[in-house]
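Some notes on the structure that comes next.
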Amino acid sequence: MGEIEAFRGVRLHNTLTRRKEDFVPFDPADVRMYVCGPTVYDYAHIGNARPVIVFDVLYRLLRHLYGAEHVTYVRNVTDVDDKINARAAEEFPDLPLNEAIRKVTEKTEAQFHADMDALGALRPSHEPRATEHIEGMKRMIEKLVARGNAYVAADHVLFDVPSMPDYGRLSGRSLDEMLAGARVDVAPYKRDPMDFVLWKPSKPGEPAWPSPCGIAAPGRPGWHIECSAMAEAHLGTEFDIHGGGIDLVFPHHENEIAQSRCAHAAPLMARYWLHNGFLQVEGEKMSKSLGNFVTVHELLKDWPGEVIRLNMLKTHYRQPIDWTVKGLEESRKVLDRWHAACGDAEPWTGENPVLPKLLAPLLDDLNTPLAIATLHHVAEEAADDHDGDDRAMFRAALGLLGLGGLTASEWESRRRAGAGVDEALVESLIARRVEARSAKNWVEADRLRAEIEALGVAVMDKKDPGTGRLVTTWEPKR
């Protein structure tokens, strides 16, 4: 299959070249993507969720264009890390550290899956754990030493940055600029300040494995080598797309490229590098010290997952996003309208004329804001549909963004339950208010309305256009 067939209209902004390019996979029968995943020691915060949602949309788009069976998506799980060690010792002080670490990582990974499932993210094809690929990391490290790109010093193995002439190409910075902006670990055994750790000795009680390169002391891998080894194991030495947050460009992704290219004597690690922008909360950088640290788990207690997802997609993935309660409220109102437009129609399974309208902006570097604007127009057409076909087509189109998974009835029921509304009580009070209005007891009707609204419910009186009768409906205020 040639390149003409491989190009399906997708254009992506490549961080490596700093321009938008036609996406042409190495092999259209096996489109391959790697995205850096969670370090499993705590709940995922909303910034962690952004790459999950962004690259889930790309995954859905590629599956639609190339076929689900022809796309491989790998997102790793980092389960060996200093933060994990600290959390394990804190939560399970009476257990051996290795056992405590296993409990923390298994629990946290399960929490991560539950939260991302609630956001409508598809599971990747593979989710490798770092600890399952130690031997692959050691083999890669030994290759780097053998090729003269790494060296052993004081029971460490370090990558020799000056051995790679074009190191820094991804971030577009010189060695001096990177050194000035980096938190460099100054160590007497380093040949160059920019050299970074591939392997290091473990402290007593920490996770440890037999070391590579003849080092007698047991140790553990550095962070960067983990992704290089896991990507190679599941996608090969060169693959199509590598994604992650903009904060990973340097040093993590820069170092991945250095390790992988030098180990395999390859011109590339990934052909296209995609990065999502930063996230702030209510105009400020998110941090625990400012009290604005927002986890997905906490958000899901107050907002449906689709609201969080839509709110994320209203901003183009490469732009910074300001996460606000006002934005969430607006996204919820949009979804109220969209679900009402869909009704209880099942998603359309035949040829769908709505999809090309939605595909056009997504093909242009995942322009989700323009795709959402397009959906507003489609929703208006679907709302006026009486035979149900437009509604079904609209709901199927929503699926390309990971939305529309619920019928209108399911959405309303979920919203009411999520808002903590006692449906039976509200319905009972509304019935009493209808009786009071029928008896023209306006004082009692107004009193009942106030009682209902005090439960966190908005009451709407509308005339049925068919019968002319007054119909009362209600919904949670949020």
Side-chain angles (χ1 to χ4, degrees), residues 1-17 19-37 50-77 116 120-128 133 136 170 227-245 248-249 253 256-257 260-261 264 266-276 313 316-318 352 355-356 358-368 371 396-397 399-402:
M1 187 175 289
E3 287 199 349
I4 294 177
E5 292 175 289
F7 177 59
R8 306 290 168 89
V10 183
R11 289 179 58 77
L12 299 172
H13 185 274
N14 190 349
T15 306
L16 192 63
T17 60
R19 65 174 184 265
K20 199 182 293 185
E21 300 177 349
D22 293 346
F23 173 68
V24 180
F26 285 105
D27 178 5
D30 184 19
V31 181
R32 291 163 290 158
M33 177 170 70
Y34 184 95
V35 175
C36 291
R50 191 175 193 191
V52 173
I53 293 172
V54 164
F55 291 104
D56 180 69
V57 173
L58 179 56
Y59 183 39
R60 290 170 182 271
L61 177 63
L62 294 174
R63 283 161 58 99
H64 176 78
L65 296 173
Y66 291 90
E69 69 278 14
H70 298 302
V71 182
T72 303
Y73 174 22
V74 177
R75 186 180 65 216
N76 72 294
V77 174
M116 298 309 116
L122 300 173
R123 296 285 180 96
S125 313
H126 305 284
E127 286 187 282
H133 291 76
L170 182 70
C227 284
S228 284
M230 287 185 279
E232 178 195 0
H234 294 278
L235 299 174
T237 57
E238 294 178 312
F239 51 94
D240 299 305
I241 297 170
H242 195 312
L248 297 180
V249 172
H253 288 170
E256 277 190 65
I257 290 173
S260 295
R261 283 185 53 201
H264 306 305
L268 292 169
M269 178 187 184
R271 183 176 281 177
Y272 305 89
W273 289 79
L274 275 63
H275 294 93
N276 62 269
L313 296 177
H316 190 276
Y317 79 93
R318 287 195 291 112
N352 189 343
L355 282 179
L358 182 59
L359 277 172
L362 294 181
L363 292 172
D364 185 15
D365 196 31
L366 296 186
N367 191 338
T368 55
L400 200 54
L401 289 180

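Throughout, numbering of the chain's residues begins at 1 and tracks the sequence. Quick note: numbers below take in every heavy atom, side chains included, and nothing from hydrogens, waters or symmetry partners.
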Subject >> Distance in Å, Asp240 CG paired with Leu274 CG, rounded so as to fall on 0.5 Å steps >> reply: 11.5 Å
Subject >> Heavy-atom side-chain contact between Leu235 and His126 under 4.5 Å >> reply: no
**OP:** Test Val249 against Trp273 for side-chain contact (heavy atoms from CB on, under 4.5 Å), laying out the working first.
**Re:** CA-CA 9 Å; Val249 172; Trp273 289 79; over 6 Å; no
Original post:
Say you draw a straight line from CG of Leu248 to NE2 of His253; how long is it, rounded to the nearest 0.5 Å?
Top reply: 4.5 Å
Subject >> Rounded distance (nearest 0.5 Å) linking atom NE2 of His242 with atom CG of Leu16 >> reply: 12.0 Å
Subject >> Closest non-hydrogen atom pair between Gly9 and Leu363, with its separation >> reply: O-CB, 3.5 Å
Original post:
Has the side chain of Arg318 got a donor or acceptor atom that lies under 3.5 Å from a matching backbone atom of Asn276?
Top reply: no
Original post:
If only atom types and distance count, is the side chain of Arg271 paired as donor or acceptor with the main-chain N or O of Val24 below 3.5 Å?
Top reply: yes
Subject >> Asn14 side chain to Arg19 backbone, donor-acceptor under 3.5 Å >> reply: no
Original post:
Less than 4.5 Å apart, any side-chain heavy atom of Pro51 and any of Cys36?
Top reply: no
**OP:** May I ask you to decide if the ring planes of Phe23 and Tyr66 are parallel, tilted or perpendicular, using 30° and 60° as cut-offs?
**Re:** perpendicular
Subject >> Spatial distance of atom CG (Leu362) from atom CG (Leu61) [nearest 0.5 Å] >> reply: 6.0 Å
Subject >> Pairwise side-chain contact, His70 with Val31, heavy-atom cut-off 4.5 Å (strictly under) >> reply: no
**OP:** Report yes or no: does His316 contribute a side-chain atom to a donor-acceptor pair with the main-chain N or O of Asp365 at less than 3.5 Å?
**Re:** yes
Original post:
What distance separates Glu256 CD from Leu170 CG, expressed to the nearest 0.5 Å?
Top reply: 10.0 Å
Subject >> Pairwise side-chain contact, Leu58 with Val35, heavy-atom cut-off 4.5 Å (strictly under) >> reply: no
Original post:
Less than 4.5 Å apart, any side-chain heavy atom of Glu232 and any of His264?
Top reply: yes
Original post:
With Tyr317, which residues qualify under ring pair (Phe, Tyr, Trp, His ring centres under 6.0 Å), at least two apart?
Top reply: none
Subject >> Minimum heavy-atom distance between Pro28 and Pro25, given as atom pair plus value >> reply: CA-CG, 3.9 Å
Subject >> Within 45° cone and under 6.0 Å: Arg63 NZ/CZ vs Tyr59 ring >> reply: yes
Original post:
Just wondering, do Ile241 and Leu12 contact through their side chains at under 4.5 Å, heavy atoms?
Top reply: yes
Original post:
Got a sec, which residues hit salt bridge (charged side-chain N to carboxylate O under 4.0 Å, His left out) with Arg60, two or more places apart in sequence or on another chain?
Top reply: Asp56
Original post:
Does any N or O in the side chain of Ser125 come within less than 3.5 Å of the main-chain N or O of Val74, such that one atom is a donor and the other an acceptor?
Top reply: no
**OP:** State, with a plain yes or no, whether a side-chain heavy atom of His133 is found less than 4.5 Å away from one of His234.
**Re:** yes
Original post:
Between Arg32 (side chain) and Phe239 (backbone), is there a donor-acceptor pair under 3.5 Å?
Top reply: no
**OP:** Check Ala396 against Asn352 and note the closest heavy-atom contact, atom names and distance.
**Re:** CB-ND2, 3.7 Å
Subject >> Pairwise side-chain contact, His64 with Leu359, heavy-atom cut-off 4.5 Å (strictly under) >> reply: yes
Subject >> Distance, nearest 0.5 Å, that separates NE2 of His275 from NE2 of His13 >> reply: 11.5 Å
Original post:
Hey, is the main chain of Asp22 close enough, under 3.5 Å, to the side chain of Tyr272 for a donor-acceptor pair?
Top reply: yes
Subject >> Closest approach of Ser228 to Ser260 (non-hydrogen atoms, all atoms of both residues) >> reply: OG-OG, 3.0 Å
**OP:** Could I get the full list of side chain to side chain donor-acceptor pair (under 3.5 Å) partners for Thr368, not counting sequence neighbours?
**Re:** none
Subject >> Closest approach of Cys227 to Tyr34 (non-hydrogen atoms, all atoms of both residues) >> reply: SG-OH, 3.2 Å
